[in-house]
Amino acid sequence: MKVVIVGGVAGGATAAARIRRLDEKAQIVLLERSGFISYANCGLPYYIGGTIQDADALTLQTPESFWKRFQVEARVGHEVLTIDRKAKVVAVQELSTGKTYTENYDKLILSPGAKPIRPQLFGIDNEKIYTLRTVEDTVRIRKAAESSNCKTAVIVGGGFIGVEMAENFRNLGMDVTLVEKQTQILGQFDSDMASFLHAHMKDKGIRLLLGKSVSGFETADQKVMVNIENAEPIQTDIVVLAIGVVPDSKLAKDAGLALGQKESIAVNDQMQTSDPDIYAVGDAVEVTHQVTGEKTLVSLAGPANKQGRIAADVICGLDSRYTGTAASSVLKVFDMTAASTGINERTARTANIQYEKVILSPASHASYYPGGKVMTMKVLFEKESQRILGAQIIGGDGVDKRIDVLATAMQANMQVSVLGELDLAYAPPYSSAKDPVNMVGFIAENIILGKVKQFYYEGIEDLPCDGSIILLDVRTDGEYKNGHAKGFETHIPIDCLRKRIHELDQSKPIYVMCQSGLRSYIACRILAQNGYDCYNFAGGYRFYKSVHLEKQSSNWAYPCGMEKSE
């Protein structure tokens, strides 16, 4: 059996190695257009910023090492031009010489990846405007960034690459502006969660222009003038376009293979295309989302690796199947970690999924052990079925651990209340006896059983202004004096609540806030058992303050005629 693989990196290289492990006699030829067959593309921004010093560290396999270890004939600088499905032959060009030749196959795997979007804007061909996809791109950007006259950078796009490039340019001492068409970075997060990242990036010196579009580029004094719609232009030394990617599916399209969303390559759960002898994996293929069941595109290394393995299994006679993706991801943003899995609120609403949410701010480990960091967690679930729909976590240490537990629980179809029963490892330097994931389960169970009623930031504008409700803050005197939410003029510390409960009008609903949501929950239990109608603010004042600062410059409605200033 002869297998030809078009494209390396995560999907293609994984498939090649797996085929060899399953079939020692198979002939495997891997054809890669760039100069590298297997490299750590997720690490490319960190080489530009200097965190990774040696470019060779990015290369996971070379043609020589791949042949020595796996007997895979890997040819770099070789581009596949066409596929003749009837003859089962691909036409290939050796880029260094221009020579073309044909390669026959029994099975063909396409792993072309996705290519950066480069819109047809005026001045887009300026040599100082870069995209980042390959090692070669990385070397060019680093060389430009290290030049003595490169002091400023503009990043266009606030996705993974855009945010990572902003951080790494800033770590080089450059003045960095990030321009994003949407009103937030990292669209997998809801805007309230993204507010923590916006504040942190600004603290680190990143200028964020959110809700702004680039209209074109000009050259001025050996610099690039970035024109912004409805804003002043920005003069800069270097521009990186990171506005997204599209499937590199031209080869498949020209061969007449069935296509999916955004001209991605359509495949079944065994990674077969519409031609049973041709498989496709990685960023170019359409996949099923595990939560919504809908077809989608996910450009992540984890799914690409799994798909490459499955294609190899099927080619070698195993009954492997791809069950879809929850798009689990994690990202370093300076000193913070941002992670998500499943869907966010916007997607849930679009899919018409009826959901509840839990927002909490636990510490990464036991509070009495030094060095604990607060994280903010947001978990969505269906109230009726208790199915976990998605999670978002932003914080420091321990974020990656918790998102992985939640992603595992979601894929295992655990009910959200079962999270409270998970037997998770505990020692003071690493966690608390009640791990943050356990706390998610406890809070969700309380909501499901009706032990607590919640209200949310987006509901504040709907609170009545006629004096028919009480807005109560139960934090300490010091916390309250250092800042409190607008309208929460009634202040009774939680430890004084039982003695002062008579000060509260029992005929009025009470909306309670504390710092993280824990003390306000305790207050609601006290009040509810004394006949009060009580609502707990999800996320606490810490969450309120972060979102509130984001909203101050927007046309946000506040209850009872409250002014915007804190």
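In what follows, residues are counted from 1 in the order of the sequence shown. We use all heavy atoms of the structure for the numbers below, so side chains are in, but hydrogens, waters and symmetry mates are not.
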J.: Would you please name every residue forming a side chain to side chain donor-acceptor pair (under 3.5 Å) with S432, sequence neighbours left out?
T.: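 S432 satisfies side chain to side chain donor-acceptor pair (under 3.5 Å) with no residue once adjacent residues are dropped.
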
J.: Do any side-chain atoms of residues 292-304 form donor-acceptor pairs under 3.5 angstrom with protein atoms, and if so which ones, sequence neighbours left out?
T.:
unit_1: T292; atom_1: OG1; unit_2: E294; atom_2: N; d: 3.2
unit_1: K295; atom_1: NZ; unit_2: T288; atom_2: OG1; d: 3.1

J.: Yes or no on side chain to side chain contact (heavy atoms under 4.5 Å, CB included) for I185 and L178, after CA distance, side-chain angles and deciding distance?
T.: CA-CA 9 Å; I185 61 171; L178 188 150; 4.1 Å; yes

J.: What are the two closest heavy atoms between S195 and E550, and how far apart are they?
T.: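 Result for this residue pair: CB-CG, 3.1 Å.
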
J.: Check residues 45-54 and write down every donor-acceptor pair under 3.5 Å in which the side-chain atom is one partner and the other belongs to a residue at least two apart or another chain.
T.:
unit_1: Q53; atom_1: NE2; unit_2: G50; atom_2: O; d: 2.6
unit_1: D54; atom_1: OD1; unit_2: D56; atom_2: N; d: 3.0

J.: Scan side-chain atoms only and decide if Q184 and S191 contain a donor-acceptor pair under the 3.5 Å cut-off.
T.: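 No pair is found: no donor N or O on one side chain lies under 3.5 Å from an acceptor on the other.
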
J.: Does anything in residues 153-170 pair up under salt bridge (charged side-chain N to carboxylate O under 4.0 Å, His left out), and if so which pairs, sequence neighbours excluded?
T.: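 For residues 153-170: E167-K332, R170-D175.
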
J.: Pairing donors with acceptors under 3.5 angstrom, does anything connect the side chains of E479 and T476?
T.: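 Yes, because at least one side-chain N or O of E479 sits under 3.5 Å from a partner of the opposite role on T476.
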
J.: Parallel, tilted or perpendicular: which one describes the rings of F543 and F537, with boundaries at 30° and 60°?
T.: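 Aromatic pair F543/F537 classed tilted.
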
J.: Have Y521 and N446 got a donor and an acceptor in their side chains that come within less than 3.5 Å?
T.: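 The criterion, which ignores hydrogens and geometry beyond distance, is satisfied for N446 and Y521.
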
J.: Under a 3.5 Å threshold, yes or no: a donor from one side chain and an acceptor from the other, between R542 and T376?
T.: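 Yes, side-chain donor-acceptor contact under 3.5 Å.
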
J.: Check the pair L389 / R387 against side chain to side chain contact (heavy atoms under 4.5 Å, CB included), numbers first and verdict last.
T.: CA-CA 6 Å; L389 301 172; R387 178 171 68 119; 3.5 Å; yes

J.: If you count heavy atoms of other groups shown closer than 6.0 angstrom to CZ of F455, is the number above 12?
T.: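 Count over threshold, so yes.
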
J.: Below 30° counts as parallel, above 60° as perpendicular, anything between as tilted: where do the rings of Y544 and Y457 land?
T.: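 Taking Y457 first and then Y544, their aromatic rings sit tilted (interplane angle of 30° to 60°).
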
J.: Take atom CZ of R346 as the centre, draw a 6.0 Å sphere, and report whether it contains more than 12 heavy atoms from other residues, nucleotides or ligands.
T.: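 Count over threshold, so yes.
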
J.: Shortest non-hydrogen contact from N344 to D190?
T.: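 Where N344 meets D190 most closely, the heavy atoms are CB-OD1, 3.4 Å.
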
J.: If you measure only the distance, is there a donor-acceptor pair under 3.5 Å linking the side chains of D397 and S364?
T.: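 S364 and D397 do not have a side-chain donor-acceptor pair below 3.5 Å.
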
J.: Looking at F442, I'd like to know if its CZ atom is crowded, meaning that more than 12 non-hydrogen atoms belonging to other residues, nucleotides or ligands lie closer than 6.0 Å.
T.: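 Atom CZ in F442 is crowded, with more than 12 foreign heavy atoms closer than 6.0 Å.
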
J.: Compare every heavy atom of I265 with every heavy atom of A280, then report the nearest pair and how far apart it is.
T.: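 Nearest heavy atoms, A280 then I265: CB-CG2, 3.8 Å.
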
J.: Check the pair K115 / V246 against side chain to side chain contact (heavy atoms under 4.5 Å, CB included), numbers first and verdict last.
T.: CA-CA 6 Å; K115 55 186 177 182; V246 293; 3.8 Å; yes

J.: With sequence neighbours left out, what residues match E345 under side chain to side chain donor-acceptor pair (under 3.5 Å)?
T.: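 Per chain and number, E345 pairs via side chain to side chain donor-acceptor pair (under 3.5 Å) with Y355, K357, K378.
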
J.: In terms of heavy-atom contacts, does NZ of K453 have more than 12 from other residues, nucleotides or ligands at under 6.0 Å?
T.: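 Atom NZ in K453 is packed in, count exceeds 12.
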
J.: For a side chain to side chain contact (heavy atoms under 4.5 Å, CB included) check, start with the C-alpha distance between I141 and F169, then their side-chain angles and the critical distance, and finish with the verdict.
T.: CA-CA 10 Å; I141 295 172; F169 276 153; 3.8 Å; yes

J.: What do you reckon, is CD of Q411 surrounded by more than 12 foreign heavy atoms closer than 6.0 Å?
T.: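 Open.
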
J.: Indicate yes or no: does D248 engage R33 in a salt bridge with an N to O separation below 4.0 Å.
T.: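 Between R33 and D248 there is a salt bridge, with a charged N closer than 4.0 Å to a carboxylate O.
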
J.: For R140 and T134, does a side-chain donor sit closer than 3.5 Å to a side-chain acceptor?
T.: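 T134 and R140 do not have a side-chain donor-acceptor pair below 3.5 Å.
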
J.: Give me the atom names and distance for the closest heavy-atom approach of R402 to Y430.
T.: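 Looks like NH2-O, 3.6 Å.
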
J.: With sequence neighbours excluded, give me every salt bridge (charged side-chain N to carboxylate O under 4.0 Å, His left out) pair touching residues 197-211.
T.: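 Sorted result for residues 197-211: K204-D335.
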
